[in-house]
Amino acid sequence: MEIKSKKLVTLDEYIIQSQNKFPGATGELSQLLRDIGLAAKIISREVNKAGITNILGVHGSTNVHGESVKRLDIFADQQLISALDRSLITCMVISEENDGIVRLNSEGGKYIVYLDPLDGSSNIDVNVSVGSIFSIYMRQPRYDQNLVEEDSLQPGSRQVAAGYVLYGSSTILAYTTGLGVSCFTLDPSIGEFVLSNSGFKIPEKGTIYSINEGSYNSWSQGLKKYIKYCQEDDPETGRPYTARYIGSMVADIHRTLVKGGIFIYPSSSRYPNGKLRLMYECNPLSFIMEQAGGTAIDGKNRIMDIRPEAIHQRVPIYIGSPENVKMARSFLEKYEEET
Ligand code: P6P
């Protein structure tokens, strides 16, 4: 009897196969994605044994936002930056963990990489999933060293690639280069990310809403009305929506991609412009979401159309299934005038 084994496709193989579809491709973006994949494997190993090796605990430093930084954050940041530095194709890295721009191969590198090296790190000590997020841009054609910073402030629609790694019950890597979303699962027995889903699509509509309801009192009237709508019987299911909030953006977004629904981090009294950062959280995850058939707005406009003004800029975000985001936007518009 012939046993047909399902052919395993590793991340490296998949990236090379995808590159071969573009005869003119130089292979540099493929190399960059493989570098990130290697760093992700190393970070996954440390995240999964953090409790044992006492790598937990506050490092004592704080990041640009005054948030205490856990040692695993710094480890992840260092792994990703050194992986990007090795292949000399990245000219600068902007990361949540570094105040300014980290210059790498500023002469020849043609890529700009934004990183949230370990998003949701406040959950590390309670063993909740955390994630890494990356966003890749091309440097502008001119080679004027004094204009490098300007190159860093491009709208999300100019991303050439973006993705995330979710360190959960298994380690998952999802990325897009604008041709759909591919997902890989780390097989620790062979130390490889193995293709689990190419052409990932979010359900058109879901019945899960995800928001920190602790900030209810500072929401807009439209948002309060929308969440109230989610808590009433849905005409199609005859039941209210389910509320799910992990407090780790990558985990909440991955669940939204798989199950459908909506994730919201609105503006609030504590975060008038929202808490989540445009360049290394909202833009990359919006690119993934749109490539999976979803929608991502700041309440009114497309996240990826926002012209950035600062590398650590924050924005409100409503992201998920198109039907859910459309309904949320209709409530925000309908009650826009009401306080
Ligand atoms: P809150 C984690 O600290 C994070 O940056 C995101 O991963 C997450 O979505 C958000 O903040 C959670 O914020 O205010 O609900 O604790």
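From a predicted model like this one, the values you see are computed outputs, not experimental measurements. Atoms within a ligand are numbered from 1 in the order they appear, just like the ligands themselves.
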Regarding Asp35 and Ser87, is there a side-chain donor-to-acceptor distance under 3.5 Å anywhere?
yes

Quick note on ligand 1: atoms under 4.0 Å from a heavy atom of Tyr245 include exactly 1 (P), 12 (C), 13 (O), 15 (O)

Enumerated ligand 1 atoms positioned under 4.0 Å from heavy atoms of Met249:
6 (C), 7 (O), 8 (C), 9 (O)

Is ligand 1 less than 4.0 angstrom away from at least one heavy atom of Arg270?
no

Which ligand 1 atoms are under 4.0 Å away from a heavy-atom of Asn212?
1 (P), 14 (O), 15 (O)

Ligand 1 and Ser248, any nitrogen or oxygen pair closer than 3.5 angstrom?
no

Using a strict cut-off of 4.0 Å, indicate which atoms of ligand 1 neighbour a heavy atom of Glu281.
5 (O)

Interatomic distance, Gln159 atom CD to Ile136 atom CD1 [nearest 0.5 angstrom]:
9.0 Å

At a 4.0 Å threshold, what atoms of ligand 1 neighbour a non-hydrogen atom of Gly120?
2 (C), 7 (O)

Do the ring planes of Tyr209 and Tyr241 sit parallel (below 30°), tilted (30 to 60°) or perpendicular (above 60°)?
tilted

Is there a nitrogen or oxygen of Tyr271 sitting under 3.5 Å from a nitrogen or oxygen of ligand 1?
no

Pair Ser121, Asp73: side-chain N/O donor-acceptor within cut-off below 3.5 Å:
yes

Please work out which of the three classes, parallel, tilted or perpendicular, describes the rings of His254 and Phe200, given edges at 30° and 60°.
tilted

Provide the number and element of each atom of ligand 1 under 4.0 Å from a heavy atom of Tyr265.
1 (P), 13 (O), 14 (O), 15 (O)

Examine Lys275 against ligand 1 and note whether any of their N/O atoms are separated by less than 3.5 Å.
yes

At the 4.0 Å heavy-atom cut-off, does Asp119 count as touching ligand 1?
yes

Nearest 0.5 Å, please: how far is CD1 in Ile211 from CD1 in Ile264?
4.5 Å

Can you tell me which residue pairs pass the salt bridge (Lys or Arg N to Asp or Glu O under 4.0 Å) test with a partner in residues 181-194, sequence neighbours excluded?
Lys41-Glu192

Using 30° and 60° as the class limits, which term best fits the ring planes of Phe331 and Tyr229: parallel, tilted or perpendicular?
tilted

